[in-house]
There are 2 protein chains.
Amino acid sequence: MRFIDNPFQCPVTRTMSIIGGKWKPIILNCIGDKTIRFGKLNQLMPAISNKVLSKELKDLELLGLINRLESDELPQRVEYNLTDSGISLMPVLIEVANWGNSHFAKQIESKL
Amino acid sequence: MRFIDNPFQCPVTRTMSIIGGKWKPIILNCIGDKTIRFGKLNQLMPAISNKVLSKELKDLELLGLINRLESDELPQRVEYNLTDSGISLMPVLIEVANWGNSHFAKQIESKL
DNA sequence: ATTAGTAGTAACCTCTAAGTAACCGGTATA
DNA sequence: TATACCGGTTACTTAGAGGTTACTACTAAT
């Protein structure tokens, strides 16, 4: 594994550009193994505006991490779920979260 | 593991605030297992300005990921190396990079 | 006819990460 | 004496992520 002196070529920085946003990891987690509608996501994350949610979902679709499923039925319904790539990202996010939790626990502990 | 609808409480988002910057993962990798001087880092990463490098190093020190070692000797020398926390982060970064590499490989492959 | 829900878009604003360029006090060298 | 290296700091800009508010087109229920 090589990290390169060029953020655009560095595999870590490049991956961060996918998962490093404020909302993307949270959205992926909210979708989880479900197939879930836009409105439901908005309910699960009241703090995110629908404009931002809409944009992030579009990004995630372009990145190949989620599927956007538009049903032909009426009323209009749009549903989202994870692609295989999206599913494969979850364990990595969990490792990141685990490292963060233990790191911050140590930080707090060292201040007692 | 729980991700929470609040970026400031979400362990992934919180960890991203550490490693999600444009330069931090690259800097950590450049330091590696060495004890390395400011000027040497600047040489290894000509694309980063000394202002930004200085700021990032300060951040990383505050986060407990690197040590700043100022020698009493003259000429002035400052050296940096990874703390245990910093060392423990490296495998996580490598996993992130690996996921990114395989994901992008698939992306490119699917366009052939 | 009107009100509410669904899945967004458009226009505008704000805040911060990052970049540029100049400068600084000390030391060493010619 | 001046020129350059070392490890930065200060002041000023800029690009882009993210936020706010209002609006749209469609349908369903009252």
Side-chain angles (χ1 to χ4, degrees), chain A residues 5-10 12-28 30-31 35-63 66-81, chain B residues 5-10 12-28 30-31 35-63 66-81:
Chain A
D5 169 28
N6 181 340
F8 305 103
Q9 289 175 31
C10 171
V12 177
T13 309
R14 201 167 51 167
T15 306
M16 293 302 167
S17 74
I18 297 180
I19 58 175
K22 184 168 174 182
W23 292 107
K24 288 192 179 66
I26 297 173
I27 292 170
L28 292 173
C30 281
I31 297 177
T35 292
I36 192 168
R37 288 169 50 193
F38 184 91
K40 182 69 180 172
L41 277 171
N42 223 167
Q43 276 174 39
L44 288 175
M45 298 176 284
I48 190 174
S49 72
N50 54 356
K51 176 214 143 182
V52 174
L53 179 54
S54 165
K55 196 238 175 203
E56 298 291 292
L57 289 169
K58 220 177 275 175
D59 288 353
L60 290 170
E61 195 196 356
L62 275 172
L63 289 164
I66 64 174
N67 296 122
R68 183 178 185 278
L69 314 159
E70 202 166 337
S71 72
D72 299 334
E73 299 161 27
L74 295 174
Q76 170 184 179
R77 275 158 191 282
V78 183
E79 296 190 301
Y80 296 93
N81 62 16
Chain B
D5 168 27
N6 181 340
F8 304 103
Q9 288 173 31
C10 171
V12 177
T13 310
R14 202 166 51 167
T15 307
M16 293 303 168
S17 74
I18 296 180
I19 57 174
K22 183 167 173 183
W23 291 106
K24 288 191 181 65
I26 297 173
I27 292 171
L28 292 174
C30 281
I31 297 177
T35 292
I36 193 168
R37 288 168 53 190
F38 184 91
K40 183 68 181 173
L41 279 171
N42 223 166
Q43 276 175 39
L44 288 175
M45 297 176 284
I48 188 173
S49 72
N50 54 356
K51 175 214 145 183
V52 173
L53 179 55
S54 165
K55 196 240 176 201
E56 298 292 292
L57 289 169
K58 222 179 272 176
D59 289 352
L60 289 170
E61 193 195 357
L62 275 172
L63 289 165
I66 64 173
N67 297 122
R68 183 178 186 278
L69 313 159
E70 201 166 337
S71 72
D72 300 334
E73 299 160 26
L74 295 174
Q76 169 183 179
R77 275 159 192 279
V78 183
E79 296 190 301
Y80 296 92
N81 62 16

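Fair warning: this is a prediction, and the values are worked out from it, not measured in the lab. First the proteins, then the strands, lettered A, B, ... as listed; each starts at 1.
Taking 4.5 Å as the limit, some side-chain heavy atom of A:T13 sits within range of a side-chain heavy atom of B:I26. When side chains are defined from C-beta on, B:L41 counts as touching B:I31, because their heavy atoms get closer than 4.5 Å.
A salt bridge (charged side-chain N to carboxylate O under 4.0 Å, His left out) check over residues 35-44 of chain A, counting only residues at least two apart or in different chains, returns nothing.
For the residue pair B:V12 and A:P25, the shortest heavy atom distance occurs at CG1-CB, 3.5 Å.
A salt bridge between A:E79 and A:R77 is absent, with no side-chain N of the basic residue lying under 4.0 Å from a carboxylate O of the acidic one.
Here the P atom of nucleotide D:dA17 and the CE atom of B:M16 are 16 Å apart, to the nearest Å. B:N42 has its CG atom 12 Å from the C1' atom of D:dC5, to the nearest Å. In this structure, B:I66 places its CD1 atom 14 Å from P of D:dG7, rounding to the nearest Å. What separates CD1 of B:I48 from P of C:dT20 is a distance of 11 Å, to the nearest Å. A:L53 places its CG atom 15 Å from the C1' atom of D:dA17, with the value rounded to the nearest Å. In this structure, B:I26 places its CD1 atom 15 Å from C1' of C:dA17, rounding to the nearest Å. Counting to the nearest Å, the P atom of D:dG16 and the NZ atom of A:K24 are 15 Å from each other. The interatomic distance linking B:L69 (CG) with D:dG8 (P) rounds to 11 Å, in whole Å.
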For residues 44-60 of chain A, dump all side-chain donor-acceptor pairs below 3.5 Å to protein atoms at least two apart in sequence or in another chain.
residue: A:S49; atom: OG; partner: A:V52; partner atom: N; Å: 3.3
residue: A:K55; atom: NZ; partner: A:D59; partner atom: OD2; Å: 3.2
residue: A:E56; atom: OE1; partner: A:K24; partner atom: NZ; Å: 3.1

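Within the 4.0 angstrom heavy-atom criterion, only backbone atoms of the sugar-phosphate kind lie near B:E56; the bases stay farther away.
Relative to the side chain of A:K22, the nucleotides C:dA18, C:dT20, D:dG19 differ in distance, and D:dG19 lies closest.
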Mark up nucleotides 3-10 of chain C, 5' to 3', with B wherever a protein heavy atom is under 4.0 angstrom from a base atom, S wherever such an atom reaches only the sugar-phosphate, and - elsewhere.
---BSBBB
